[in-house]
Amino acid sequence: MSGISGILNIARNALLVQQVAMEVTSQNIANVNTLGYSRQRAILESVGTPSVNRLKLGLGVQVDSVVQYVDQFTNRAINTKTASAGEYDAKAAILSHLEAIFNETSDQGLGAVMNEFWKAWQDVANNPGGIAERTALIERAQTLTNQFNAMSNDLNQIKQSMNTNIKATISEINSAIKGIAELNEKIVYAESGQGTANDLRDQRRILLEKLSGLIGTTYLEDEHGSMKVLTTDGLLLVDGNESWGFEQDLDNIYWNHIPSDVSRRIHGGKMGAWLDVRDEIVPKYMADLDELAGTFISEVNALHTAGYTRLGETGKYFFEDFRTAPQTPNSGDYSQAAAYIKLSADVLNHPENIAAGGTSGDPGDNENAMRILALQTDDTIQIRKWVFENRGVSPSFSLQTETLDDYYRTLTGELGVLVGDNTQNGAFATSMLENLDSVRESVSGVNLDEEMMELMKTQRAYEAAGKLVSIADEMLQTILDLR
Amino acid sequence: MRVSTRLLSQGLQGRIQKLSEDLKNINEKIASGKRINRPSDDPIAVVGSMTLKTSLSQIGQYQRNIENGTSWLNLREAALTQLNDLVTRAKEISVQMADDTQSADTRASMATVVGQLLDEAIALGNTEFGGNYIFAGYRTRTTPFSKTVVGGIETAQYNGDTNDFQLQIGKGETLVVGRNGQNALMDSNLFTTLGTLKKALEDNDVDTVRLQLDQLKGVTDVLASELADTGAKTSRLDMKASVYGQLTLTLKERLSNVEDTDLVEMITLLNQKEVAYQAAMMTSVRVSELSILNYLQ
């Protein structure tokens, strides 16, 4: 086809094509603030020359495709970093709570309470016959046991709250993978003809990144555009339009309804953080606190039972003993000791039963009180320090020989280092993520100024095509006006 | 590099967020007066400050113990000095009364004086501090000396035990502050000698009176050595107290270095961050105004 009708045809095509280009630009402008949106561009091409035409004139323009500017490599890196940033962020909140429990920068921490306890023993040693000093000691000792109990309780609550968090996160994960599976199906369907389903792919990528913030994942795409998603430990979450989620049963996490705990096979993201806190961090501090409380009980009791009360009796316990009370840890095993520690019925409300005497119940005998308060500076006490690795599969301990004070100080210092490291790693992961995001944005992000110019360019082309129609019309008019 | 519109505003937001976090931390340090407000602020410093606090608490307790011990020792010294004076008086009496020129009546009247000295000696042996008898060994609530008569001779009976009361004055360091009455007083035969002297004066038995003079010299020797011991211990406590006083100052200074905010440094930092914060906000306003739309009609 050539001649005036050819011109009209070209002009008509041009008008339609510029409209499409305008539409694509509008979509970009509309999504300037949409997270994860990748800018698109209509790629135009001139329509080829029909071979019958001797002059080989072109036939106008057509839209070849609407391409999306996507940087697959950066996307993959972002996916990985999102998991670690998610993990550090989630941990940071919990760790700051944990730090508050062990806060020794204030004067109300366990360290200060321990100091007060030893001071009370000193006062008893100074005046072993005085009831006031003995009563004060009982009060200080109760403050100490209460502090242990409260810390143990707080730690336990953190641990319990992790299961609540895990439950919420699991339901987020399950809905995200379901969404990905649905999008897989839609994308495969939409792309079965030709072209790419740009906006669906954006949605799927956003969902995948959200999922990575919840649990570490890796993914691969097949030739039909369907995405397969696995955890970093190889649990298949999505394949085609199918998905396999998690469920929680008390402390166990099941995958694909298989009743076997997979919590050791989950790393990264919020889930990784909750599980690390639940199975490694909190159990470690709990176990160490238990060791401290248990050592307190056994060391003080060993000396106390050998001493003499004001009434000349011996064999009285200071703290409730492991052996005499039911449902309590055995000697040597101090688990739950911090939760359990309390004054024995022997001394509670019975200040006269404090065994200050080393040889008698005489009011001036302070030998045993001196022995007990020497525990404060005794650096030959053996005390276990626990390590919980690999989600607490087989906790191990090393035997430390130091004072009780030193043991607790080291514990606090370690927590400080742990929190500091987490904060630093979190900041690093976040800044990496920001960097990657700016790389991605430089490829995929929308720049309004650029779009405006694109808009002007398209508008001018549209105007010109319109002008073409009126000129062709005038040409036709000229022919029709011939007589 | 291509810069997208979203990245531009997001970057500025992130920067402002980071700066306001810094400002919060500086504010916390200035307001609390402490450089470290949680273990992660500086784990090493936290452990250091905990150690210093424990040391300060221990030394504070030792200082209290030393004050307490000094009171015990002062009272003991006073009692021993008075006992010494009392024995000197008894010696004078025995010297005078051993003189053959003294009449039986004079001796009998001096017997009453010696009887009073014995009572006074028993009272001094029963010196107490804060409800505790200082010469009773561990039986600090039992009156250690009571008057008794053995074979017609007035003397004192000891009701305490033979332990010495000790206090802790340092790590693994104890000091005897309460001597038991048996070793300090009874073993010197103080009371029996006075009783015998009294009886001899009553009976006008000049030979026995003379014999008691030697006995009293022995008592003086024992008292003198007890006094010397007390003095030595008191000076040891004084020395300890001054060492602890200096140590406390040093430790407090170190604690302050470890955990207190350096205000000059912090306020300088605050100013820097403030300027950066204002600049960031100004930039964000200026950048957000930039748009090609401003130039299109």
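Computed from heavy atoms alone, side chains included, the values below leave out hydrogens, waters and symmetry copies. Just so we're on the same page: letters track the sequence lines, and every chain starts at 1.
Distance check, rounded to the nearest 0.5 Å: CD of B/Q61 to CD of A/E116 gives 9.0 Å. A distance of 9.5 Å separates CG in B/L7 from CD in A/E434, rounded to the nearest 0.5 Å. In this structure, the separation between OG on B/S40 and CD on A/Q424 is 10.5 Å, given to the nearest 0.5 Å. Expressed to the nearest 0.5 Å, how far CG of A/N126 lies from CH2 of B/W72 amounts to 9.5 Å. Rounding to the nearest 0.5 angstrom, the gap separating the CG atom in A/D362 from the CG atom in B/N163 is 7.5 Å. Expressed to the nearest 0.5 Å, how far CG of A/D437 lies from OG of B/S4 amounts to 8.0 Å.
Ranked by heavy-atom pairs under 4.5 Å with chain B, the first of A/N422, A/V419, A/N115, A/D405 is A/N115. The greatest number of non-hydrogen atom pairs below 4.5 Å with chain A, out of B/T142, B/I36, B/L167, B/L8, is found for B/L167. The most heavy-atom pairs under 4.5 Å with chain A, out of B/T51, B/I44, B/N132, B/V47, come from B/T51. The residue among A/V32, A/N366, A/V417 with the most heavy atom pairs within less than 4.5 Å of chain B is A/N366.
For a residue to count as touching a neighbouring chain, one of its non-hydrogen atoms must lie under 4.5 Å from one of that chain's; by this rule A/D123 touches chain B with backbone and side chain alike. Only the side chain of B/Y62 comes within contact range of chain A, with at least one heavy atom under 4.5 Å from a heavy atom of that chain. At a 4.5 Å heavy-atom cutoff, the contact between B/V3 and chain A is made by backbone atoms alone. Proximity to chain A involves both the backbone and the side chain of B/K53, based on heavy atoms less than 4.5 angstrom apart. Proximity to chain B (any heavy atom under 4.5 Å) is shown, for A/M114, by neither the backbone nor the side chain. If you measure heavy-atom distances from A/A125 to chain B, the contacts under 4.5 Å come from the backbone alone. Neither the backbone nor the side chain of B/S32 comes within less than 4.5 Å of any heavy atom in chain A. At a 4.5 Å heavy-atom cutoff, the contact between A/L373 and chain B is made by side-chain atoms alone. Interface residue B/Q166: backbone and side-chain heavy atoms are both found under 4.5 Å from chain A. For chain B, the nearby part of A/T359 is the side chain; its heavy atoms alone come within less than 4.5 Å. In this structure, chain A has heavy atoms under 4.5 Å from both the backbone and the side chain of B/N65. Only the side chain of B/D161 comes within contact range of chain A, with at least one heavy atom under 4.5 Å from a heavy atom of that chain. Within the 4.5 angstrom heavy-atom criterion, only backbone atoms of A/V446 (N, CA, C, O) approach chain B. The parts of A/D365 that come within reach of chain B are both its backbone and its side chain, each placing non-hydrogen atoms under 4.5 angstrom from that chain.
Residues A/K119 and B/R64 are in side-chain contact: their nearest non-hydrogen atoms beyond the backbone lie under 4.5 Å apart. Considering only heavy atoms from C-beta on, A/L35 comes within 4.5 Å of B/R6 through its side chain. Side-chain contact check for B/M50 versus A/Y408: some heavy-atom pair is nearer than 4.5 Å. B/V46 has its side chain within reach of A/T412: a pair of non-hydrogen atoms, C-beta onward, lies under 4.5 Å apart.
Counting all heavy atoms, side chain and backbone alike, A/M370 lies closest to B/T174 at CE-CG2, 3.6 Å. Contact detail for A/G364 and B/F165: the closest heavy-atom pair is O-CD1, 2.9 Å. When all heavy atoms are compared, the tightest approach of B/P43 to A/G416 is CG-C, 3.5 Å.
Counting only N and O atoms by type, the side chains of A/R409 and B/T54 include a donor and acceptor under 3.5 Å apart. If you check the side chains of B/Y138 and A/E367, you find a donor sitting under 3.5 Å from an acceptor.
Within a 6.0 Å sphere centred on CZ of A/R41, heavy atoms belonging to other residues, nucleotides or ligands number more than 12. Annotation: B/E253, atom CD; neighbour count of heavy atoms from other residues, nucleotides and ligands within 6.0 Å does not exceed 12. The 12-atom threshold is not exceeded at CZ of B/R15, counting heavy atoms of other residues, nucleotides or ligands nearer than 6.0 Å.
Look at A/E450 and B/R2 and you find a salt bridge, because one of the NZ, NE, NH1 or NH2 atoms lies within 4.0 Å of a carboxylate O, short of that distance.
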inquiry  = As a quick check of understanding, evaluate side-chain contact (heavy atoms from CB on, under 4.5 Å) for A/L448 and B/S291, giving each step before the final call.
reply    = CA-CA 8 Å; A/L448 277 182; B/S291 169; 5.9 Å; no
